[in-house]
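Single-structure report; data block below.
Just so we're on the same page: letters track the sequence lines, and every chain starts at 1.
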2 protein chains.
Amino acid sequence: MTATPTPPTASPAPAAPPEAADDWLRLDQQICFTLNAASRAFNGVYRVVLKDLGITYPQYLVMLVLWEHGALPVKKLGEHLRLDSGTLSPLLKRLETAGLVRRERSVRDERSVEVRPTEEGIALRQRALAVPRRIVAATGFEIDEIRDLSGRLHRLTAALDKAADEGA
Amino acid sequence: MTATPTPPTASPAPAAPPEAADDWLRLDQQICFTLNAASRAFNGVYRVVLKDLGITYPQYLVMLVLWEHGALPVKKLGEHLRLDSGTLSPLLKRLETAGLVRRERSVRDERSVEVRPTEEGIALRQRALAVPRRIVAATGFEIDEIRDLSGRLHRLTAALDKAADEGA
DNA sequence: GGCTATCCAGTTGTGGGCAATTGAATTGTG
DNA sequence: CACAATTCAATTGCCCACAACTGGATAGCC
């Protein structure tokens with residue numbers, strides 16, 4: 001049961017005349033909420049499209065990185081994906097159980113664990129080639145529009161990460 | 001430990017000449033990944049800013065709706081937030097434990113549960129008024145730019161929801 | 001060589017998101 | 001009125017995100 005979206009963007013002005021702070025509250029709701037909602041909506045579409053491949057959206061992101069870069073230590077994978085070991089360790093374990101990756105301690109540095117796509121994992125790429133088209137189609141956006149949006153979001157993320165690091 | 005972001009947007013072209021499908025894969029990574037990353041980055045900033053209030057980001061979203069609309073059944077709350085009972089039930093229970101809301105079966109329809117902000121919950125709004133300013137500041141974006149982005153994301157969400165419902 | 005600081009993956013605990021199911025209440029229909 | 005279909009909140013089970021911590025490995029420094 002997916003709830004019917006009722007975006008606050010479309011909600012009418014409240015009965016009381018808005019003070020400045022109220023304005024801020026509504027605006028704030030729009031940025032944070034629309035972004036959150038869009039992210040979850042994407043997740044929903046990926047859930048449908050990736051069902052055939054038997055992997056989840058975060059697992060797909062991991063495979064994308066591995067397809068592009070080949071074997072990587074968990075640390076590097078985390079840097080690419082902006083995820084830490086707390087998220088990646090169990091996720092990679094599931095991918096290993098699914099037979100898509102292998103994890104092996106690096107011989108050169110025993111702290112590090114190399115994540116390597118298996119034959120099966122590499123083969124999965126062929127079936128994944130159809131995914132992006134379907135996703136782009138689902139957005140109803142033009143390529144340029146997507147690129148533009150992506151750029152803005154990238155700038156946004158950088159600013160937010162910087163702000164979070166600075167404690168506010 | 002927060003991983004250092006290494007956005008794929010900035011990654012150089014791969015060694016092999018990209019076929020069309022490769023292009024699609026990279027582009028895809030940019031939309032879905034940047035959106036996902038931006039959402040999590042927002043979450044991080046909210047985590048910091050909301051620590052004082054003792055609530056999480058999703059809990060804050062719930063309180064925003066309650067502050068604006070007053071008491072609401074769980075169902076309505078879910079429509080506003082695009083969340084179902086599987087997410088809301090435990091979340092609301094935590095908000096109740098924190099003393100910010102009360103949940104009571106509707107007398108008119110015993111299936112429905114009304115969620116009502118307590119005095120304490122209503123009082124929290126005053127302290128929350130400072131939040132949006134800090135968030136907007138953290139984005140480094142101008143108001144108009146935020147509005148624009150928000151509008152795009154709203155359109156995107158609508159399209160994605162529609163596509164997911166249609167099974168692709 | 002020994003000591004300490006740092007780095008790395010993994011684990012634990014809390015919270016969120018969602019599909020699927022349950023069970024009770026209500027509505028619609030004959 | 002009776003019975004089937006629908007609605008609603010809650011629960012279960014799985015996965016993801018992240019903070020905090022653990023334990024082992026390495027690097028740097030004396």
Side-chain angles (χ1 to χ4, degrees), chain A residues 1-5 36-48 50-51 54-62 72-79 81-98 103-115 161 164, chain B residues 1-4 36-48 50-51 54-62 72-79 81-98 103-115 161 164-165:
Chain A
M1 185 239 290
T2 298
T4 306
N36 186 289
S39 178
R40 284 185 289 122
F42 246 124
N43 214 304
V45 174
Y46 273 102
R47 197 188 321 279
V48 173
L50 291 176
K51 191 151 49 181
I55 59 177
T56 67
Y57 173 43
Q59 289 166 10
Y60 171 71
L61 292 178
V62 167
L72 283 177
V74 173
K75 171 80 176 182
K76 286 287 176 193
L77 210 45
E79 286 172 8
L81 294 169
R82 204 185 168 283
L83 291 171
D84 68 6
S85 67
T87 299
L88 286 176
S89 285
L91 188 156
L92 292 172
K93 209 174 285 181
R94 284 186 286 272
L95 279 180
E96 188 168 44
T97 302
R103 295 177 304 150
E104 37 200 29
R105 290 268 159 202
S106 163
V107 271
R108 296 210 344 243
D109 185 342
E110 293 254 331
R111 291 171 302 181
S112 181
V113 168
E114 289 269 325
V115 181
D161 276 338
Chain B
M1 182 239 290
T2 297
T4 307
N36 187 288
S39 178
R40 284 186 288 124
F42 246 124
N43 214 304
V45 174
Y46 272 103
R47 197 188 321 278
V48 173
L50 291 176
K51 192 150 49 181
I55 57 178
T56 67
Y57 172 45
Q59 289 167 8
Y60 171 72
L61 291 179
V62 167
L72 283 177
V74 173
K75 172 79 176 183
K76 285 289 175 192
L77 211 45
E79 286 172 7
L81 294 170
R82 204 184 167 287
L83 291 172
D84 69 5
S85 66
T87 300
L88 285 175
S89 285
L91 189 156
L92 291 171
K93 211 174 285 185
R94 282 187 285 272
L95 279 180
E96 188 169 42
T97 302
R103 294 179 304 151
E104 37 201 29
R105 289 269 159 200
S106 164
V107 270
R108 296 212 343 244
D109 185 343
E110 292 255 329
R111 291 170 305 181
S112 181
V113 168
E114 289 269 324
V115 181
D161 276 338
D165 280 353

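- D:dT7 atom C1' lies 13 Å from atom NZ of B:Lys76, rounded to whole Å.
- Checking side-chain atoms of A:Arg105 against main-chain N and O of A:Arg111 turns up a donor-acceptor pair under 3.5 Å.
- Counting only distance, with no hydrogens or angles, the side chain of B:Asp161 and the backbone of B:Ala164 share no donor-acceptor pair below 3.5 Å.
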- [ ] Could you give me the CA-CA distance, side-chain angles and deciding distance for B:Glu79 and B:Lys76, then say whether salt bridge (charged side-chain N to carboxylate O under 4.0 Å, His left out) is met?
- [x] CA-CA 5 Å; B:Glu79 286 172 7; B:Lys76 285 289 175 192; 3.8 Å; yes
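- Regarding B:Lys51, its NZ atom lies at a distance of 16 Å from the C1' atom of C:dG15, rounded to whole Å.
- For A:Glu96 and C:dA9, the CD to P distance is 14 Å, given to the nearest whole Å.
- Set against D:dA17, C:dG10, C:dG16, the side chain of B:Leu91 has C:dG16 as its closest nucleotide.
- Close to D:dA25, at under 4.0 Å from its OP1 or OP2, lies no side-chain N or O of A:Arg105.
- Candidate nucleotides C:dA9, D:dC16, D:dA25 were compared by shortest atom distance to the side chain of A:Glu110, and D:dA25 ranks first.
- Residues A:Arg103 and A:Ser89 share a closest heavy-atom pair of NH1-O, 4.4 Å.
- As rounded to whole Å, 18 Å separates atom C1' of C:dC18 from atom CZ of A:Phe42.
- In this structure, CZ in B:Arg82 is found 10.5 Å from OG1 in B:Thr87, a value given to the nearest 0.5 Å.
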List every contact pair, protein side and nucleotides 11-13 of chain D side both N or O, where the distance is under 3.5 Å.
from	atom 1	to	atom 2	distance (Å)
D:dT11	OP2	B:Lys93	NZ	2.7

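- Relative orientation of the A:Tyr60 and A:Tyr46 rings is tilted, given thresholds of 30° and 60° on the angle between their planes.
- No donor-acceptor distance shorter than 3.5 angstrom exists from the side chain of B:Arg94 to the backbone of B:Gln59, with no hydrogens or angles considered.
- Between A:Pro58 and A:Leu91, the closest heavy-atom pair is CB-CD1, 3.7 Å.
- Within the 4.0 angstrom heavy-atom criterion, only backbone atoms of the sugar-phosphate kind lie near B:Asp109; the bases stay farther away.
- DNA chain C is contacted by both A:Glu114 and B:Arg94; A:Glu114 maps to the nucleotide lying nearer its 5′ end (nearest heavy atom per residue).
- In this structure, the CG atom of B:Leu77 is 10 Å from the P atom of D:dA9, given to the nearest Å.
- Here the nucleotide nearest the side chain of A:Asp84, chosen from D:dA19, C:dC18, C:dT6, is D:dA19.
- Residue B:Arg47 contributes atom CZ, which lies 13 Å from atom C1' of D:dC16 at whole-angstrom precision.
- Between B:Val62 and the choices B:Leu72, B:Leu77, B:Thr56, B:Val115, the side chain to side chain contact (heavy atoms under 4.5 Å, CB included) rule is met once, by B:Leu77.
- For the pair A:Arg40 and C:dC18, the criterion of a side-chain N or O lying under 4.0 Å from OP1 or OP2 is met.
- Rounded to 10 degrees, the angle between the two end axes of the helix from C:dG1-D:dC30 to C:dG30-D:dC1 is 10°, with five pairs used at each end.
- Distance CG (B:Leu88) to C1' (C:dA19): 15 Å, rounded to an integer number of Å.
- In this structure, the nucleotide among C:dG10, C:dT26, C:dC8 sitting nearest to the side chain of A:Ser112 is C:dC8.
- Mapped onto DNA chain C by nearest heavy atom, A:Val74 and A:Ala41 fall at different nucleotides, with A:Val74 at the one closer to the 5' end.
- Counting only heavy atoms from C-beta on, B:Arg111 has its side chain closest to C:dT26 among C:dT26, C:dA9, C:dG16.
- Within the 4.5 Å cutoff, the side chain of A:Arg40 has heavy atoms near those of the B:Leu83 side chain.
- Residue-to-nucleotide proximity on DNA chain D shows that, of A:Thr56 and A:Val107, the 5′-proximal contact is made by A:Thr56.
- Side-chain proximity of B:Arg82 to the nucleotides C:dC18, C:dA24, C:dA9 is greatest for C:dC18.
- The interatomic distance linking B:Gln59 (CD) with C:dG17 (C1') rounds to 14 Å, in whole Å.
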